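Here the structure is a predicted model, which means the values were calculated and not measured.
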Amino acid sequence: MIGKPPVVCLLGPTGTGKTAAAIAVSRRTPASVVNFDSRQVYCDFPVITAQPDAEERAACPHLLYGFLPTQEKMSAAMFVKLAVQAIGEVHARGRLPILVGGTGLYLRSLLRGIAPIPEIPVDIRQRVLDRIGKEGPQSLYAELQHDDPEYAAIIHPNDTQRNARAAEVFLATGKTMTWWHQNSAHTPAPFDTVKVGVFIDLDALAPRLAERIDAMLAAGALEEARGAWERCPDPDAPGWSGIGCAELLEHLRGGVSLDEAKAQWVKNTRAYAKRQITWFRKEEGIDWFAPGQDEAVADHVLRWLEGRDG
RNA sequence: GCUCAGGUAGCUCAGUCGGUAGAGCAGGGGACUGAAAAUCCCCGUGUCGGGAGUUCAAUUCUCUCCCUGAGCA
């Protein structure tokens, strides 16, 4: 068949059991899991970022997990490049790729394309960061209002990251964010996708998240953080920004008790799950299932696959 | 038992020289194009511990009771 190759997207907030559902699918048809979670790429934090364990990884091939050191930066564009490559490999082996993760931006960038803005030279980036550190985002925003009023209307004066991004892109390329967004060919995904979501509401999810953090601590989360700190003693390194990593590091460096760190960890995880829910709520064409309905997810995916062939 | 300090939003506290009150955190909603587990926006009525007194008016002043903490016995 000549149509676009199939890709399953398995999404939802953290801690809903997406990995288990993916493995259920893999038991019914040859499949490989491809990660689209921005934190599970870090090799120093397998426990804290809830990467699939050895047993789960033995069930079927898992790609794009735990390959990046803590000091290395991950980005949406880099993810798209790696994911396209990984999905190609899975197809080449005659298997079904199942994208599993919770980073909405990464999935959207893969499926809808991302503006092909060139890499920003480090000195330009640094200059912008220095400025924003000294003057705050507002002075960059004032310039943005002049250079790119359309984009200024979309972002907020207090948004440090987006103001920095808009400034560095304009400085480095001479083109505005709006220009890049409008004049970039948005390549739609060259895949035939089905989107399956796993969801329960926050009040039901919260206790599960707290339990999972207890399990992580029992599984050696604190030792994991200690080891990572020995390898990468830079709290600003990209890998340390994961929820749980930062809180445990705070404790290890003597700032707070373990109980306090844990409380913060639970709190931040819940807030994160809420943001994910907000993101996925407006993503279109998702078929939703409850946690644990792994066979129903598998049935759904299998039916979709058969429908494609017929 | 005595002295002092407190009792104000789910939590920590601010404040009202007497005109019924507001921050941070939590919580809710939202945005999102190379940091996204990031970054950011919007949302604040609560017997101001109970009762009584003074007053046109008390959460604010006075008295009393209850509770908490510290100190002294």
[X] [atom1] to [N] [atom2]: how many Å, rounded?
X	N	atom1	atom2	value
A:Leu82	B:G34	CG	P	16 Å
A:His181	B:G34	NE2	C1'	11 Å
A:Arg275	B:G27	CZ	P	11 Å
A:Glu283	B:A36	CD	C1'	14 Å
A:Leu11	B:A37	CG	C1'	16 Å
A:Asp236	B:A38	CG	C1'	13 Å
A:Leu105	B:A31	CG	P	14 Å
A:Gln264	B:A37	CD	C1'	14 Å

Any side-chain N or O of A:Thr278 less than 4.0 Å from the OP1 or OP2 oxygen of B:G29? no
Ignoring backbone atoms, test whether A:Arg108 places a side-chain nitrogen or oxygen under 4.0 Å from the OP1 or OP2 oxygen of B:G34. no
Among [range], which ones have heavy-atom contacts with RNA chain B below 4.0 Å?
range	value
residues 241-252 of chain A	A:Ser241, A:Gly242, A:Ile243
residues 151-159 of chain A	A:Tyr151, A:His156, A:Asn158, A:Asp159
residues 64-78 of chain A	A:Lys73, A:Met74, A:Ser75, A:Ala76, A:Ala77
residues 161-169 of chain A	A:Gln161, A:Arg162, A:Arg165
residues 194-221 of chain A	A:Leu202

Between the side chain of [X] and the main-chain N/O of [Y], is any donor-acceptor distance below 3.5 Å?
X	Y	value
A:Tyr141	A:Asn158	no
A:His91	A:Pro6	yes
A:Glu224	A:Ile48	yes
A:Gln40	A:Pro52	no
A:Trp240	A:Cys232	yes

Identify the two heavy atoms, one from A:Val90 and one from A:Pro97, that lie closest to each other, and give their separation to 0.1 Å. CG1-N, 3.6 Å
Compare every heavy atom of A:Cys43 with every heavy atom of A:Pro46, then report the nearest pair and how far apart it is. CD-O, 3.4 Å
By side-chain contact (heavy atoms from CB on, under 4.5 Å), which residues pair with [X], not counting sequence neighbours?
X	value
A:Ala210	A:Val266
A:Pro13	A:Thr16, A:Phe199, A:Leu205, A:Ala273, A:Gln276, A:Ile277
A:Ser26	A:Ile23, A:Ala31, A:Cys60

Side chain of A:Arg270 only, heavy atoms from C-beta on: which candidate in B:A37, B:C32, B:G28 is closest? B:G28
Can you tell me which nucleotide in B:A37, B:G34, B:A26 comes closest to the side chain of A:Thr103? B:A37
Whole-angstrom distance between [N] and [M], as gauged at atom [atom1]:
N	M	atom1	value
B:A58	B:A73	P	43 Å
B:G44	B:G1	P	46 Å
B:C66	B:G51	C1'	10 Å
B:U62	B:C43	C1'	40 Å
B:C25	B:A14	C1'	14 Å
B:A31	B:G69	C1'	45 Å
B:G27	B:C63	P	43 Å
B:C4	B:U20	P	32 Å

Does a donor on one side chain and an acceptor on the other come within less than 3.5 Å for [X] and [Y]?
X	Y	value
A:Arg39	A:Thr103	no
A:Thr173	A:Trp179	no
A:Arg212	A:Thr269	no

With a non-hydrogen cut-off below 4.0 angstrom, is [X] in contact with a base, only sugar-phosphate, or nothing?
X	value
A:Asn268	nothing
A:Phe79	nothing
A:Gln40	base

Can you find a donor-acceptor pair, distance only, under 3.5 Å between A:Lys274 side chain and B:G29 base? yes
I need the A:Leu171 CG to A:Glu168 CD distance, nearest 0.5 Å. 9.0 Å
Straight-line distance of A:Tyr151 OH to A:Leu144 CG, nearest 0.5 Å: 8.0 Å
Tell me whether A:Glu295 is salt-bridged to A:Arg28, with the criterion being a basic N under 4.0 Å from an acidic carboxylate O. yes
Can I get a per-line list of side-chain donor-acceptor pairs under 3.5 Å for residues 70-84 of chain A, giving both atom names and the distance, sequence neighbours left out?
{"from": "A:Thr70", "atom 1": "OG1", "to": "A:Asp44", "atom 2": "OD2", "distance (Å)": "2.5"}
{"from": "A:Ser75", "atom 1": "OG", "to": "A:Met78", "atom 2": "N", "distance (Å)": "3.1"}

RNA chain B: stems of at least 3 consecutive Watson-Crick or G-U pairs, cut-off 3.5 Å? B:1-7 with B:66-72, B:10-13 with B:22-25, B:27-31 with B:39-43, B:49-53 with B:61-65
Determine if the base of B:G34 is syn or anti; take syn to mean the glycosidic torsion is within 90° of 0. syn
Under the salt bridge (charged side-chain N to carboxylate O under 4.0 Å, His left out) rule, collect the residues that match up with A:Asp148, sequence neighbours excluded. none
Applying salt bridge (charged side-chain N to carboxylate O under 4.0 Å, His left out), can you list everything that pairs with A:Asp37, at least two apart in sequence or on another chain? none
In this structure, are over 12 heavy atoms from other groups packed under 6.0 Å from A:Arg231 atom CZ? yes
Ring-face cation of A:Arg308 near A:Trp304 (centre distance under 6.0 Å, axis angle within 45°): yes
